[in-house]
Amino acid sequence: MAGREPQTPLGLFGVDDLVGEEDRAIQETVRRFTEDKVRPHLAQWYDSGTIPARELAKELGSLGLLGMHLSGYDCAGTSATAYGLACLELEAADSGLRSLVSVQGSLAMFAIWRYGSEEQKLEWLPRMAAGEAIGCFGLTEPDYGSDPAGMRTRARRDGDDWVLDGTKMWITNGSVADVAIVWARTTDAAGETIRGFVVPTDSAGCSAPEITRKLSLRASVTSELVLEGVRVPASAMLPDASGLSGPLSCLNEARYGIVFGALGAARDCLETTIYYTRDRQIFDKPLAGYQATQLKLADMALELGKGMLLALRLGVLKDAGRLRPEQVSLGKLNSVREALAIARQCRTLLGANGITLDYPVMRHANNLESVLTYEGTAEVHQLIVGQALTGHAAFR
Ligand code: TGC
Ligand code: FAD
């Protein structure tokens, strides 16, 4: 069927009419922003292992993308589907950019919005929505990643203050953050529990040494977060979060963004590869004209489209207030696992060019290795789904 106008992988699935006009317009705005302001610089940021987080945060804030699905406090109050589609476009550029936005909006801002006092909300949310203040989220510790219930960071009461001690690890935005949401073990009237604290990062005893030598998510800031006798007032505790359900409910928000985001990385790989194979001449004809190529492209388009249908369904459920954590796990597991497989397969079709920064494919593949691990590893999400299917928790 030579001569037919090629269709885009997602165009093939006819998903456009599953998205409302307003949500589509937001997606287009984000796509244009990444094309104008981000894509031209990505290879260089990735190569040098840097990202101008402060400048980007202000631009993202002025577009209303920070905490965009939250309401009030200068947040944009969009639909969950619009938030997902924004994540898709951000991650089509780079997972590091989507991470910046996820951690700001879904983890740090959401924690304050959902569990904070009115004073905490008024102090932080408008500035964070504008990108004038950057947040990070400290849950993981060196010895407790998949199992945060074991955390050792401790908050003890001293007069009118709380004093925090401990080390958090792998903290996105850590060294550029103005405020950290720190989850710590403590004892209250009800006994031992986990509480969240809003900690200004310029507090005495708080430091965030950057983690360098990363081979993945290079256009993203990752740090330790060291708390040595950090003293904060009683009002720094998030009053409405007690127990592990506090931080885990924040993770639902960020994992939901990844359901869409990872598909953006996959779409970028696949579109790049289709274009490449149509152009690349091998044994006197385009690489796209070989059956072996088309079998790969067809299978990848199928997985991308299936992932998109699932993501949009989860968006509908979230907008209706009916999305359950195990459904988020289904989506996170599927999107990231398939996106990584697509990125690796695309890499093969680009041959040697595929290993360079001249094309986005291996950058996406490397990034997706982090996305597969953070916000719950693939195995953790399999176990969450397994628990939903059987009623048995098999984590420990
Ligand atoms: P478990 O006993 O199952 O639950 C403890 C309490 O939490 C409740 N709960 C949830 N609540 C809301 N949302 C969820 N998804 C929830 N999952 C559980 C549960 O009902 C219970 O409540 P209650 O009231 O009875 O106390 O907890 P567990 O200790 O057995 O652990 C379960 C497990 C393994 C699923 C959980 O620990 C887990 O999800 N581990 C993965 C940790 C993780 O994802 N860390 C991510 C760190 S942040 C990050 O990676 C940011 S990267 C961001 C970026 O750059 O984009
Ligand atoms: P481990 O928990 O040690 O897991 C090692 C292996 O064991 C994995 O394959 C895992 O699936 C498997 N495993 C674990 N439990 C089980 C089980 N019960 N059964 C079978 N297998 C199991 N954390 C934050 O708090 N804030 C952040 O901003 C943040 N940003 C991050 C940014 C990057 C770039 C990265 C890489 C990580 C980030 N993290 C962050 C940490 C991330 O959430 C953890 O890395 C993740 O939760 C996994 O923990 P771990 O690395 O300690 O792996």
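In listed order, ligands and their atoms are each counted from 1.
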For [atom], which of [options] has the closest heavy atom?
{"atom": "atom 52 (S) of ligand 1", "options": "W170, Y374, F137", "answer": "Y374"}
{"atom": "atom 15 (N) of ligand 1", "options": "T193, N252, L244, V221", "answer": "N252"}
{"atom": "atom 1 (P) of ligand 2", "options": "G145, G96, S146", "answer": "S146"}
{"atom": "atom 11 (N) of ligand 1", "options": "S329, A149, S245", "answer": "S245"}
{"atom": "atom 40 (C) of ligand 2", "options": "W170, F137, Y144", "answer": "W170"}
{"atom": "atom 56 (O) of ligand 1", "options": "E375, K332, R98", "answer": "R98"}
{"atom": "atom 39 (O) of ligand 1", "options": "Q104, H381, R255", "answer": "R255"}

Among all protein heavy atoms, pick out the one at the shortest distance from [atom]; state its residue, atom name and that distance to 0.1 Å.
{"atom": "atom 10 (C) of ligand 2", "result": "T377 OG1, 3.6 Å"}
{"atom": "atom 24 (C) of ligand 2", "result": "T140 OG1, 3.3 Å"}
{"atom": "atom 46 (C) of ligand 2", "result": "T373 O, 3.4 Å"}
{"atom": "atom 19 (N) of ligand 2", "result": "L383 CD1, 3.7 Å"}
{"atom": "atom 9 (O) of ligand 2", "result": "E379 OE1, 3.5 Å"}
{"atom": "atom 18 (N) of ligand 2", "result": "F395 O, 2.9 Å"}

Does ligand 2 have any atom sitting under 4.0 Å from a heavy atom of C136? no
Please verify whether a non-hydrogen atom of E375 lies at under 4.0 Å from ligand 2. yes
Just wondering, more than 12 heavy atoms not from I282 lying within 6.0 Å of its CD1? yes
Do any nitrogen or oxygen atoms of T172 lie less than 3.5 angstrom from nitrogen or oxygen atoms of ligand 2? yes
L139 N/O to ligand 2 N/O under 3.5 Å: yes
As an exercise, identify every atom of ligand 1 less than 4.0 angstrom from a heavy atom of V103. 53 (C), 54 (C), 55 (O)
Going by the order shown, which atoms of ligand 1 are within less than 4.0 Å of some heavy atom of R396? 28 (P), 29 (O), 30 (O)
Would you say [atom] has a protein heavy atom nearer than 4.0 Å?
{"atom": "atom 32 (C) of ligand 2", "value": "yes"}
{"atom": "atom 4 (O) of ligand 2", "value": "yes"}
{"atom": "atom 29 (C) of ligand 2", "value": "yes"}
{"atom": "atom 16 (C) of ligand 2", "value": "no"}
{"atom": "atom 22 (C) of ligand 2", "value": "no"}

For this output row, return yes or no: ring centroids of W170 and Y374 closer than 6.0 angstrom. no
Test S79 against T81 for side-chain hydrogen bond (donor to acceptor under 3.5 Å, both in side chains), laying out the working first. CA-CA 5 Å; S79 72; T81 300; 4.6 Å; no
Could you walk me through whether E123 and E119 pass side-chain contact (heavy atoms from CB on, under 4.5 Å), step by step? CA-CA 6 Å; E123 181 178 0; E119 291 70 29; over 6 Å; no
